[in-house]
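Computed from a prediction, not measured in an experiment: that's the story for all the values here.
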Amino acid sequence: MKTFFSIIIMAFSLTAMSQNQYTKAWKQVDSLAAIGQSQSALDIVTSVYNQAKAANQADQFLKATLYRMKLEADFGEDYFEKSIERTRLDIQSAKAPVKQILHSILAELYWDYYQENRWKILGRSETANFEPDDIKTWDLKKLVDACFENYTKSLSDKELLKTTAISTIDSILIKQVNSEKFRPTLFDFLVHRAIDFYSSREAGITKPAVTFIMDKAEYFSSSADFASLEIISPDPFSFEFQALKLYQEIIGFHLGDKNPEALIDAELQRLSFVHEKSVLPEKDSLYLEALYKLESR
């Protein structure tokens with residue numbers, strides 16, 4: 001199996017699911033996949049996909065969507081293109097919050113497609129043979145723009161996401177012990193997926209002439225001060241800028257929490273990110289001071 005779906009598939013469990021009418025079908029899929037009969041397993045998964053979509057059963061639909069991608073990668077040709085196109089079509093009819101989850105998945109698919117085909121893509125010009133509906137003609141900028149667009153759309157309808165407990169999608173998540181304390185809502189889950197992308201070293205490889213620079217000591221400030229900080233950028237598409245803005249959102253969201261785990265987790269990640277990206281010569285002392293302040297609170 002190709003490795004490009006590893007992050008997605010690891011985030012969703014095939015066997016850890018509630019008892020329902022699909023239990024027998026998933027057991028069959030599990031058994032067939034274990035003995036290498038991917039096509040037979042895929043036939044069952046496709047049936048579950050169609051039934052769950054028609055019945056508006058979000059958890060089973062998402063599970064079938066993701067496992068279908070995994071199985072098609074075992075033997076199918078153009079599996080990337082097919083998975084991307086099908087996800088785009090599913091988004092058109094999906095309702096929130098499934099639509100937001102699919103946008104997050106689609107963004108990851110685009111980026112994994114780039115990583116799988118990076119040398120071909122890096123050798124393309126921006127305009128030569130470009131066809132908007134054919135990803136095989138896209139250059140790096142177009143792929144990055146597609147990732148940006150879909151991660152942004154994955155965070156639309158924020159109030160709904162913030163009031164949707166992560167437990168509502170338990171049946172499609174592999175959870176560590178007490179992990180819901182750090183990702184209590186669907187908003188947390190999707191924001192951190194977007195932050196992971198924007199924080200990656202390679203995500204921002206398309207650089208404009210004037211870009212965002214992490215050159216302010218205020219980025220190390222306390223939670224409340226950072227959440228209210230005005231952050232502007234000459235390049236609104238800067239990935240470091242976007243990551244900072246999302247850290248502001250998630251930290252502001254959890255400022256008033258009685259249970260501080262989600263806030264502390266976001267703060268530790270934010271301070272580490274700022275320390276890594278900062279160009280200030282005194283960034284080590286600023287980072288250490290911020291950690292001491294966080295500890296004292």
Side-chain donor-acceptor contact under 3.5 Å, T185 with D188: yes
T211 to P234 - nearest heavy-atom pair and separation: O-CG, 3.7 Å
Members sharing I213's hydrophobic cluster (side chains within less than 4.5 Å): V279
Derivation and outcome, side-chain hydrogen bond (donor to acceptor under 3.5 Å, both in side chains), residues T87 and D90: CA-CA 5 Å; T87 305; D90 284 339; 5.5 Å; no
Lys/Arg-Asp/Glu bridge criterion (N-O < 4.0 Å) met for D59, K63: no
Rounded distance [0.5 Å steps], SG in C147 versus CG in D112: 8.5 Å
Close side-chain approach of K277 to Y219, heavy-atom, < 4.5 Å: no
Mutual orientation of the aromatic rings belonging to F197 and W111 [parallel < 30°, tilted 30-60°, perpendicular > 60°]: perpendicular
Ion pair check, E249 and K245, cut-off under 4.0 Å: no
S83 to M69 - nearest heavy-atom pair and separation: OG-CG, 3.6 Å
side-chain hydrogen bond (donor to acceptor under 3.5 Å, both in side chains) between S238 and Q242, worked out: CA-CA 6 Å; S238 163; Q242 290 299 324; over 6 Å; no
Smallest separation among heavy atoms of L161 and S156, with atom names: CD1-O, 3.5 Å
Heavy-atom check, side chain of E282 versus side chain of S285, under 4.5 Å: yes
Donor-acceptor pair, side chain of S199 and main chain of D196, under 3.5 angstrom: no
Counterpart residues, side chain to side chain donor-acceptor pair (under 3.5 Å), relative to K153 (two or more places apart): E149
Which atom of A217 lies closest to which atom of L286, heavy atoms considered: CB-CD1, 3.9 Å
Ion pair E72/R86, N-O distance below 4.0 Å: yes
K283: partners by side chain to side chain donor-acceptor pair (under 3.5 Å), with sequence neighbours left out: none
Worked check of side chain to side chain contact (heavy atoms under 4.5 Å, CB included) between I91 and V98: CA-CA 8 Å; I91 285 172; V98 173; over 6 Å; no
Residue pair V274 / L244, side-chain heavy-atom distance below 4.5 Å: yes
H192 side chain reached by L246 side chain, heavy atoms, under 4.5 Å: no
Q176 CD to N178 CG distance, which is reported to the nearest 0.5 Å: 10.5 Å
Sequence-distant partners of A96, side-chain contact (heavy atoms from CB on, under 4.5 Å), two or more places apart: Q100, D157, L160
CA sep, side-chain torsions, deciding dist, call: V191, Y247, side chain to side chain contact (heavy atoms under 4.5 Å, CB included): CA-CA 8 Å; V191 162; Y247 274 123; over 6 Å; no
Single-linkage hydrophobic cluster L288~M214, side-chain heavy atoms < 4.5 angstrom: no
Donor-acceptor under 3.5 Å (T168 side chain, A165 main chain): yes
All side-chain contact (heavy atoms from CB on, under 4.5 Å) counterparts of S221, not counting sequence neighbours: D225, F226
Under the ring-ring contact (aromatic ring centres under 6.0 Å, His included) test, residues paired with F182 that sit two or more places apart: none
Selection residues 178-187 - residue pairs positive for salt bridge (Lys or Arg N to Asp or Glu O under 4.0 Å), sequence neighbours left out: K175-E180, R183-D265
Test side-chain contact (heavy atoms from CB on, under 4.5 Å) applied to S104 - qualifying residues, sequence neighbours left out: Y151, S154, L190, R193
Atom CZ of F237 with >12 non-hydrogen neighbours under 6.0 angstrom: no
Within-4.5 Å side-chain heavy-atom neighbours: Y67 and V48: no
Validation row: Y22, Q51 side chains within 4.5 angstrom (heavy atoms): yes
Verdict with supporting geometry, D78 and K136, side chain to side chain contact (heavy atoms under 4.5 Å, CB included): CA-CA 10 Å; D78 295 333; K136 291 181 179 180; 3.3 Å; yes
Geometric class of the Y287/F220 ring pair [parallel <30°, tilted 30-60°, perpendicular >60°]: tilted
From K27 atom NZ to L32 atom CG, the distance as rounded to the nearest 0.5 Å: 14.0 Å
Working for side chain to side chain contact (heavy atoms under 4.5 Å, CB included), residues L102 and L106: CA-CA 6 Å; L102 288 174; L106 182 57; over 6 Å; no
Test: E85 and K82 ion pair at under 4.0 Å: no
Residue pairs involving residues 35-55 (criterion ring pair (Phe, Tyr, Trp, His ring centres under 6.0 Å); sequence neighbours excluded): Y49-F61
CG on L155 to CG on L186, rounded to 0.5 Å: 9.5 Å
Only pairs under 3.5 Å count here: list side-chain donor-acceptor contacts from residues 290-297, not counting sequence neighbours, and write none if there are none.
residue	atom	partner	partner atom	Å
K293	NZ	E289	OE2	3.4
S296	OG	K293	O	2.7
R297	NH2	S223	OG	3.0

Same cluster (ILVMFWY, side-chain, under 4.5 Å), I166 and V177: no
Donor-acceptor contact below 3.5 Å, side chain N150 vs main chain A146: yes
Side-chain heavy-atom pair D257, L263 within 4.5 angstrom cut-off: no
Between CG on residue D145 and CZ on residue F148, distance to nearest 0.5 Å: 8.5 Å
Donor-acceptor contact present, side-chain D139 to main-chain K142, <3.5 Å: yes
Over all atoms of both residues, closest heavy-atom pair of I195 and A243: CG1-O, 4.5 Å
Y113/W138 aromatic ring centres below 6.0 Å: no
Point-to-point distance, once rounded to the nearest 0.5 Å, from CD1 of I135 to OH of Y110: 5.5 Å
Heavy-atom side-chain proximity of F212 to I231 below 4.5 angstrom: yes
Donor-acceptor contacts under 3.5 Å from residues 33-45 side chains, at least two apart:
residue	atom	partner	partner atom	Å
S38	OG	D74	OD2	3.1
Q39	NE2	D43	OD1	3.0

Contacts of R118 that satisfy side-chain contact (heavy atoms from CB on, under 4.5 Å) - sequence neighbours left out: Y114, Q115, E202
